[in-house]
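See structure below.
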There are 2 protein chains.
Amino acid sequence: MPKIAIDAMGGDHAPEVVIEGALLAARDLGAEIVLVGQREAIEQELAKHPDAPKLYVVAATQVVPMHESPSVALRKKDSSMKVGFEMMKRGEVDAVVSAGNSGAMMAIGMFVVGTLSQVARPAILVVVPSLDKGTVIVDAGANVDCKPIHLVQFALMGSIYAERVLGVNSPRVGVLSNGEEESKGNELTRAVSEQLAAVPVNHVGYVEGRDIFNGKVDVVVCDGFTGNIALKTMEGVASFAGEVLKDAFQKNLSSKLAYLISRNALKQAYRRLDYAEYGGAPLIGLDGVAIIAHGGSSPLAIKNAIRQACDAVDQKMNHHIADALAELDHGAGEKKAGLPQKLWNRFKSKIESIGEKSEPSSSAEERRRSGES
Amino acid sequence: MPKIAIDAMGGDHAPEVVIEGALLAARDLGAEIVLVGQREAIEQELAKHPDAPKLYVVAATQVVPMHESPSVALRKKDSSMKVGFEMMKRGEVDAVVSAGNSGAMMAIGMFVVGTLSQVARPAILVVVPSLDKGTVIVDAGANVDCKPIHLVQFALMGSIYAERVLGVNSPRVGVLSNGEEESKGNELTRAVSEQLAAVPVNHVGYVEGRDIFNGKVDVVVCDGFTGNIALKTMEGVASFAGEVLKDAFQKNLSSKLAYLISRNALKQAYRRLDYAEYGGAPLIGLDGVAIIAHGGSSPLAIKNAIRQACDAVDQKMNHHIADALAELDHGAGEKKAGLPQKLWNRFKSKIESIGEKSEPSSSAEERRRSGES
């Protein structure tokens, strides 16, 4: 049975809601859970649930607030996030789950466990509902300023995730852009499109914001700045549409009656749209399983994120990714027969040289270089 | 009465739907309308409406397709878009309306009429519904790779638009980012935030995708790539939510009955959400009135875009912007007492030097330089 470390201090309503979710998971999933955080606060919460299953508690004296910059968070030697990742590195747990600061999770994860071989940057992978099986968005917020090679790797990892975890055959991978035509896109997306031509993914070209939902694509690739804005815009529209519907149904007596009659259908539709309840977002590419749950997660969402961590461990997700990357190297090496040798060598040496870098926060100089690559 | 040139060949369903919209506008608004495009196609459509008011037709032999790159479109000497702008330049019409290729509209507009004094780049301004009076998004898609100074100018123009047209007092201007905290943002947004500190707009810092709708901000500033993705994501979510609702209501007999009873409330909510029907998007900053309607516009949406063009002309929108920019120069000059003189001078000389540039499509070299600024 997988052992999961939960960052008890992470999230908008921590530790209360996080601990409620952890207790749900312990009861319903039978998962072995370790709560990491400030012992007193955790025990105070646990005391409210005298009949709940017993959870392990590991003390960590420091907290990473939601709005702290990753570089500041990184300097905290005894934060609940860092202690969780260190336990995973030592093999004491199999996964880390946090509803906290996602930038800090990425930075601390990079620092403590690092990335899988050949992966330059882990990314936040989110599955949003769609008219098809759901759409993978990667990166949904971890890396704001990206080089083309990062997006190429996101495409590879997202494609593997969609294939192995969502069971999509030959997932269609699209680069998020401001139009479908080749003439569209910005500097970054144009460079990515060029490089993706040399990589064995089912690249369908540019996709637009609306294609995230219409079943036209399985994996949407973008930098974390753009991905975060798309994701938060979705949340905003969904919540605004909810308010507008509420207004419309509260207008008069007959609309109020209509609401009472429609309530079930509306709730059902809402649940299908509320992706936050689906679970958390894996930090894909990290050498270990780390799941970020939404900051405003309900106990149910926390439980679902823990379930996702268990699944990732049970399914040996990272072995699949590492294997696939190795296969990819080999397979693409065979495939390259049809490609210009020089282009392939340049691509391969780029992956390798960037894979060596492990500095989590990029300096201004590095960002400038990245703008030119 | 304003004279409006309509690009009869622009849009997903041109010339049919465009001409239907133009006829609606001629009848309902009493606007004086000039249809610009391929004479035969236009007259064929007009023949279907024998009882409609007579519209002027000006022949243009070439069409700019939706997916043509702006640089190719620019080379067409007799496109309906170009002829429309040339009529505006000669004073034969007061405004140009098109449901066509927005990138081409911007490029041709820049080439034929140019920008208002001091404006480096016109931008697409869209007003989306929100819990407050609606939110201005600028740039919603015209400029994919932006320099900080472009976003600073979008902030100024957006603020003026919100104040003069939407009647918002001291509009709150936010820069779209991946989080509210100062530590968030990418290279571009960080530089913009720094420069906005020296500009007299009510700058409220970073806003997130969800803030577009919740009434927290009146003007959302971003580059056109990000703005386009946010806008298309909105459309995608709205249309997906519609499908999900339809599914939920079609599930069984009682849900179908519930739909019949709720239909009015649902339709009312839908109309409030469907921003495309609100009208078009002004190309703000251009020396002339140009409105881009959604490519998939209905006749009603075309009519509303024409109404918007009439309003912009009647309200002397561009005079207000030019005045406000001049005032801004003066007012900010006074305000600068409290600001470092050097910073102000640098900002001012930047506006002026960039204002001289009028090359619409940027070369790779220029884009590289812009990445470094």
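Numbered from 1 within each chain, the chains take letters A, B, ... in sequence-line order.
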Compare all side-chain heavy atoms of A:Arg121 with those of A:Met106 and state whether any distance is below 4.5 angstrom.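 They are in side-chain contact.
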Pick from [options] with the largest number of heavy-atom pairs that fall under 4.5 Å of chain B:
options                                : answer
A:Ser69, A:Gly227, A:Ser177, A:Pro70   : A:Ser177
A:Thr226, A:Asn228, A:Val72            : A:Asn228
A:Met66, A:His67, A:Arg263             : A:His67
A:Gly103, A:Gly185, A:Ala238, A:Cys222 : A:Gly185
A:Leu131, A:Asp223, A:Asn252           : A:Leu131

Between [options], who has the most heavy-atom pairs with chain A when the cutoff is under 4.5 Å?
options                                : answer
B:Ala230, B:Gly179, B:Gly236, B:Ser183 : B:Gly236
B:Leu176, B:Leu188, B:Leu260, B:Leu245 : B:Leu176
B:Ala241, B:Ser130, B:Gly224           : B:Ser130

Part of [X] lying under 4.5 Å from any heavy atom of chain A:
X        : value
B:Thr189 : side chain
B:Ile229 : both
B:Asn214 : neither

Does the pair [X]/[Y] count as a salt bridge with the N-to-O cut at 4.0 Å?
X        : Y        : result
B:Glu180 : B:Arg210 : no
A:Lys76  : A:Glu68  : yes
B:Glu235 : B:Lys232 : no

Of all heavy-atom pairs between A:Val217 and A:Gly174, which one has the smallest distance, and what is that distance?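 So the minimum-distance heavy-atom pair works out to CG2-N, 3.5 Å.
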Nearest-0.5 Å distance that lies between atom NZ in A:Lys147 and atom CG in A:Leu151: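 So the gap between those two atoms works out to 13.0 Å.
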Is a side-chain donor or acceptor of B:Asn143 paired with a backbone partner of B:Ile124 at a separation under 3.5 angstrom?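 Answer holds: no.
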Quick check on side chain to side chain donor-acceptor pair (under 3.5 Å): which of B:Asp218, B:Asp211, B:Thr135 does B:Arg172 satisfy it with?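 One option only clears the test, and that one is B:Asp218.
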